[in-house]
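For reference, the structure is listed below as structure tokens.
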Amino acid sequence: MNLNDWQQEQERLDLIREKLRLRIIELEPEVEQLSVQAVDIRKRFWEEVTVNTSTEEDFEETFFTINQQTAVLSERERSHQRLLKQWKSMNRLLPSPYFGRIDFQEDDQGFSEQVYIGVSSFVDVDGINFLVYDWRTPIASLYYDYSPGEVSYETPGGPIAGTMKLKRQYQIRDGQLRNLFDSSVTIGDELLQQVLGKGADAQMKSIVSTIQKEQNAIIRNDKSRMLIVQGAAGSGKTSAALQRVAYLLYKHRARLKANQIVLFSPNPLFNSYVSTVLPELGEENMQQTTFQEYLENWLGISLHLEDPFDQLEYVLTEEATPGYASRMNGIEYKSSEVFLQALQSYALWLEREGMQFNKIQFRDRDLITAQQMKSQFYSYDASTRLVNRVVLLQEWLLRELAILERKEQEADWVQEELGYLDKDQYDEAFNVLHKEQGVFDFAEKYAKAYEMMRKKLRRDESDFDFGQQVEELLRRSIVKEYFEPLRQSIKQLLFIDMLGLYTQLFSEGAAYRQMTNAAEVPEHWPQICEQTKEKLSRLELFYEDATPCVYLKELIEGARTNTQVRHVFVDEGQDYSMFQYEYLKRLFPRASMTVLGDFGQAIFTQATNLQEADSPLIRLYGEADTSQFLLVRSYRSTREIVEFTKSLLPSGEGIVPFNRSGRKPLLLKASSNEERVERLAADLAALQTEGFASIAVITKTATESSAVYADLAALGCPSLRLITKETPTFEKGTLVIPAYLAKGVEFDAVLIYDASSQTYHRESERKLFYTACTRAMHRLILYTTGAWTPFIRAVDASLYEEELLY
């Protein structure tokens with residue numbers, strides 16, 4: 001780049017920043033004025049409205065006045081929000097207005113246009129000339145997808161073809177041009193290298209300037225109902241997904257809102273980790289949740305639900321305990337499509353027999369027995385669907401309850417309750433009764449009429465019918481209040497014994513096959529049944545039972561669907577079962593789905609393979625509506641770390657490291673646990689001195705994390721934090737964390753506390769170990785006091801350094 005080009009670019013940058021500053025200064029009083037107006041209208045809303053309903057004309061005038069005031073307020077608030085968004089967007093652009101430029105000449109045009117690209121658009125004062133184009137605009141896709149030469153891009157009006165004459169990239173910091181270069185590759189590695197070289201932030205940044213061509217295809221895909229993204233650790237899957245959200249919100253801004261997009265993330269900690277990405281891009285945050293939170297919301301407080309991390313702790317630590325093999329078989333079976341089909345067949349069987357109900361009791365008496373409900377349920381036409389029969393039974397129960405409520409008014413306990421009522425309650429009943437009869441004006445006649453009633457009651461109550469009516473009203477009121485919880489329980493379908501119905505499934509083999517039309521039962525079925533029923537008897541639920549239980553509940557009571565949500569994103573998608581995917585599809589029938597994951601990090605037993613050509617996920621929406629993407633280049637870690645970690649996987653040869661060099665992983669063998677902890681503390685101090693702001697000591701389990709944290713804290717390690725599944729937010733610093741909670745998060749340096757064969761020896765633990773190691777960006781250190789895990793022993797010794805501490 002010659003000096004003249006550099007000078008011209010700096011002059012243009014200065015000009016754009018000056019225009020931004022002037023526009024910001026111009027907008028500030030407008031934003032403030034509209035905000036003040038909106039607040040003032042809210043405060044004085046009813047002062048401007050005269051409420052008069054005396055006549056039909058007065059009522060109509062009042063209605064239109066309120067509507068008019070509401071419209072004025074809405075208009076002010078919309079204008080304020082629009083200008084505020086512009087003002088924030090310009091402030092966001094000011095330090096670095098753009099990161100790229102293309103010179104594009106459309107076919108049959110005699111000139112080329114300079115297209116500068118940034119995180120949002122900026123238009124000149126004429127309202128026509130784009131000084132900066134938003135990275136999500138159609139023309140900006142050329143920057144990510146092409147090198148100079150013949151190019152084309154899609155617009156709502158059709159494709160536009162032409163020639164890219166130039167492709168230039170910039171690094172701008174605080175208004176100063178730090179670096180610029182012309183590039184013929186998709187995105188220059190120089191820029192990405194410098195961005196990644198800075199270290200891990202507390203939140204994942206959006207780095208739109210470094211989007212690769214394959215990521216751009218994911219971001220802008222707007223046709224497929226299902227996107228499956230299989231990507232190596234550190235390949236930018238989640239970053240692409242969040243930028244896809246921003247793109248969709250921008251492109252469909254007239255009809256798509258942030259609350260119509262849901263992200264299912266691996267844990268609440270991860271929600272905090274990504275929480276600033278969309279606001280950084282000028283968009284509102286979508287809905288974020290975990291699948292566990294959703295299940296707990298629908299199962300309510302009646303059952304205690306095991307979470308996936310407790311399930312994983314069991315899988316990792318209880319191998320030697322009785323019943324382990326049957327629990328593992330149960331997890332696999334209950335997560336399968338076969339079990340989902342079994343539940344569907346079970347629902348059909350329940351249309352003929354086997355329904356279970358909870359009796360309705362009142363004051364230790366059975367008002368309506370379970371057998372009465374069952375008889376009524378199966379008295380309906382056999383062709384009536386299960387869900388519809390439940391509705392019919394609910395209506396019958398409410399009618400029966402109304403009859404029983406009237407009979408209950410004559411019960412002795414009601415007379416006893418009358419004796420406890422105070423004067424105010426009698427007064428209220430008296431007032432209500434007179435109003436019902438239309439003969440009592442409370443304001444003028446209450447005191448006189450009440451006194452007359454009291455005197456006559458005392459003189460001859462048997463001749464005073466009005467007093468009897470007051471008592472009847474009070475009896476009705478008392479019984480109605482006591483019966484209200486029963487009515488609510490019927491409306492909430494609590495008369496269905498869902499726990500009993502799910503428990504009934506786990507019967508001996510022949511009965512199970514009859515109920516579910518199953519051809520066979522899984523291995524260890526008697527033990528699986530015993531474990532499941534024992535857990536349910538304590539009102540507890542294994543994690544693998546949660547989705548099937550909710551699904552069965554909906555087969556019986558009716559599906560809960562959300563037709564407002566249009567896009568569902570599932571991160572760490574390999575850790576979801578096909579049962580869960582089927583359920584999500586049913587839950588969000590109008591939504592498209594984007595699944596992101598890495599089968600190399602499939603640490604849960606119920607994993608779904610994302611990378612196979614015949615992945616079961618393809619069947620979810622059909623091959624025609626499904627697009628698969630494979631991201632093989634890993635950007636997170638140095639070349640040395642990637643070469644080491646990909647050797648841990650049998651299929652890791654396809655992972656391509658990014659060309660950023662660093663130290664080889666260091667393997668340290670200590671003679672005792674004390675020596676290991678002391679060296680660990682020393683290494684933490686050294687890394688902090690080097691300036692690494694984000695360091696993680698990663699253990700296999702939460703139990704091990706707690707022990708290591710205590711050991712390091714006893715040695716006085718500063719600023720140490722223990723991360724558990726309850727930790728609400730992610731903050732950079734020095735952390736002790738279990739491997740499964742570190743998924744999706746990156747750190748400047750990672751220290752694997754125990755990489756021994758004693759800790760990681762089963763083949764099922766290989767991917768957990770790989771996941772832990774791939775969290776490191778710049779430095780990876782592994783410790784042991786015994787033999788190394790077989791996963792390391794199989795790695796070429798040239799890919800790491802080894803040191804004995806004794």
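The structure displayed is predicted, hence computed values, not measured ones. All heavy atoms count here, side chains included; hydrogens, waters and symmetry mates do not.
- By the 4.0 Å N-to-carboxylate-O rule, Glu746 lies close enough to Arg636 to be salt-bridged with it.
- Residues Ile698 and Leu751 form no side-chain contact, since every pair of their non-hydrogen atoms from C-beta on lies 4.5 Å or further apart.
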Kindly determine whether Phe309 and Tyr740 satisfy ring pair (Phe, Tyr, Trp, His ring centres under 6.0 Å), including the steps that lead there.
-> CA-CA 8 Å; Phe309 308 118; Tyr740 53 79; 5.5 Å; yes

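- In this structure, the side chains of Asp748 and Ile695 stay at 4.5 Å or more apart for every pair of heavy atoms.
- The pair Arg779-Glu690 meets the salt-bridge criterion, with a side-chain N (NZ, NE, NH1 or NH2) lying under 4.0 Å from an Asp/Glu carboxylate O.
- The aromatic rings of Phe769 and Phe791 sit tilted relative to each other, their planes meeting at an angle between 30° and 60°.
- Here the CG atom belonging to Asp307 is positioned 8.5 Å from the OH atom belonging to Tyr543, to the nearest 0.5 angstrom.
- Scanning for side-chain contact (heavy atoms from CB on, under 4.5 Å) contacts around Gln287 gives Asn259, Val262, Val565, with sequence neighbours left out.
- Residues Ser141 and Asn216 meet the side-chain proximity criterion, which asks for heavy atoms closer than 4.5 Å.
- Expressed to the nearest 0.5 Å, how far CG of Leu166 lies from CG of Asp103 amounts to 4.5 Å.
- Between Asp182 and Arg168 there is a salt bridge, since at least one side-chain N of the basic residue sits less than 4.0 Å from a carboxylate O of the acidic one.
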Check the pair Ser577, Ser335 against side-chain hydrogen bond (donor to acceptor under 3.5 Å, both in side chains), reporting the backbone distance first and the verdict last.
-> CA-CA 5 Å; Ser577 69; Ser335 304; 4.6 Å; no

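- In summary, Lys700 and Glu765 engage in a salt bridge, as defined by a charged side-chain N under 4.0 Å from a carboxylate O.
- Rounded to the nearest 0.5 angstrom, Ser147 OG and Met164 CE are separated by 7.5 Å.
- Arg619 and Glu337 are joined by a salt bridge, as a carboxylate oxygen and a charged side-chain nitrogen come within less than 4.0 angstrom of each other.
- Screening Tyr143, Tyr98, Phe99 for a ring pair (Phe, Tyr, Trp, His ring centres under 6.0 Å) with Tyr170, the sole residue that qualifies is Tyr98.
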